[in-house]
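What you see is a predicted model; the values in this text were computed from it and never measured.
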Amino acid sequence: QVQLVESGGGLVQAGGSLRLSCAASGRTFSRYNMGWFRQAPGKERELVAAISRNGRSLYYVDSVKGRFTISRDNAKNTVYLQMNSLKPEDTAVYHCAASSSASLYREYDYWGQGTQVTVSS
């Protein structure tokens, strides 16, 4: 029911920053928890960061704590992932996803097409 389009990926040197954006369609954006996932070649997909409907609850995987910040602007139907101090290990395809669950950790039903983030040494 909601369509998601990511942008902001690219090539950056280690230590640099990128800001990913995820624009959502429809009139129900504020009903969804939102998450950012990533998947690197040969690795399992992981939930990187998540934010609740009203932005009051946040989740970060340990490897990005202190470096990444998830935020949302419900008036703009957009969720962001600010990525600072990037490391080569952050290289992956990043996907935005939406969940109608009460949990930040599961039932992500809608997915964007993904945006590539490449961090060079």
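One hydrophobic cluster holds both Met34 and Val61 under the rule that ILVMFWY side chains link at heavy-atom gaps under 4.5 Å.
Here OG of Ser71 is found 6.0 Å from CZ of Arg19. Values are rounded to the nearest 0.5 Å. A distance of 8.0 Å separates OG in Ser30 from CG in Asn77, rounded to the nearest 0.5 Å. We find the CG-CZ distance between Asn74 and Arg31 to be 12.5 Å, quoted to the nearest 0.5 Å.
In this structure, the side chain of Thr91 does not engage the main chain of Thr118 through any donor-acceptor pair within 3.5 Å. Between the side chain of Arg72 and the main chain of Asn33, no donor-acceptor pair closer than 3.5 Å is present.
With contacts defined as side-chain heavy-atom distances shorter than 4.5 Å, the pair Val12/Ser120 does not qualify. At a threshold of 4.5 Å between non-hydrogen side-chain atoms, the residues Gln82 and Ser17 count as touching. Under the 4.5 Å side-chain criterion, counting only non-hydrogen atoms from C-beta, Leu58 is in contact with Ile70.
With sequence neighbours left out, the side chain to side chain contact (heavy atoms under 4.5 Å, CB included) criterion links Val117 to Leu18, Leu20, Met83, Tyr94, Val119. Annotation: side chain to side chain contact (heavy atoms under 4.5 Å, CB included) contacts of Glu107 (sequence neighbours excluded): Ser99, Ser101, Asp109. Under the rule for a side chain to side chain donor-acceptor pair (under 3.5 Å), the partners of Gln113 that lie at least two apart in sequence or sit in another chain are Glu6. Qualifying side chain to side chain contact (heavy atoms under 4.5 Å, CB included) partners for Asp62, counting only residues two or more places apart in sequence or in other chains: Lys65. For Gln3, there are no side chain to side chain donor-acceptor pair (under 3.5 Å) partners at least two apart in sequence or on another chain. Here Tyr108 pairs with Phe37 under the ring pair (Phe, Tyr, Trp, His ring centres under 6.0 Å) rule; sequence neighbours left out. Judged as a side chain to side chain donor-acceptor pair (under 3.5 Å), and not counting sequence neighbours, Gln39 has no contacts. Arg67 is linked by a side chain to side chain donor-acceptor pair (under 3.5 Å) to Asp90, counting only residues two or more places apart in sequence or in another chain.
Listed by first then second residue, pairs satisfying ring-ring contact (aromatic ring centres under 6.0 Å, His included) with a partner in residues 12-33 read Tyr32-Tyr110, not counting sequence neighbours. Residue pairs meeting the disulfide (SG to SG under 2.5 Å) criterion with at least one member in residues 72-121, sequence neighbours excluded: Cys22-Cys96. Judged as a ring-ring contact (aromatic ring centres under 6.0 Å, His included), the pairs with a partner in residues 41-85 (not counting sequence neighbours) are, in order, Tyr59-Tyr105.
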Mind listing the side-chain donor-acceptor pairs of residues 42-51 below 3.5 Å, one per line with the distance, residues two or more places apart or on another chain?
residue : atom : partner : partner atom : Å
Glu46   : OE2  : Arg38   : NE           : 2.7
Glu46   : OE2  : Arg38   : NH2          : 3.0

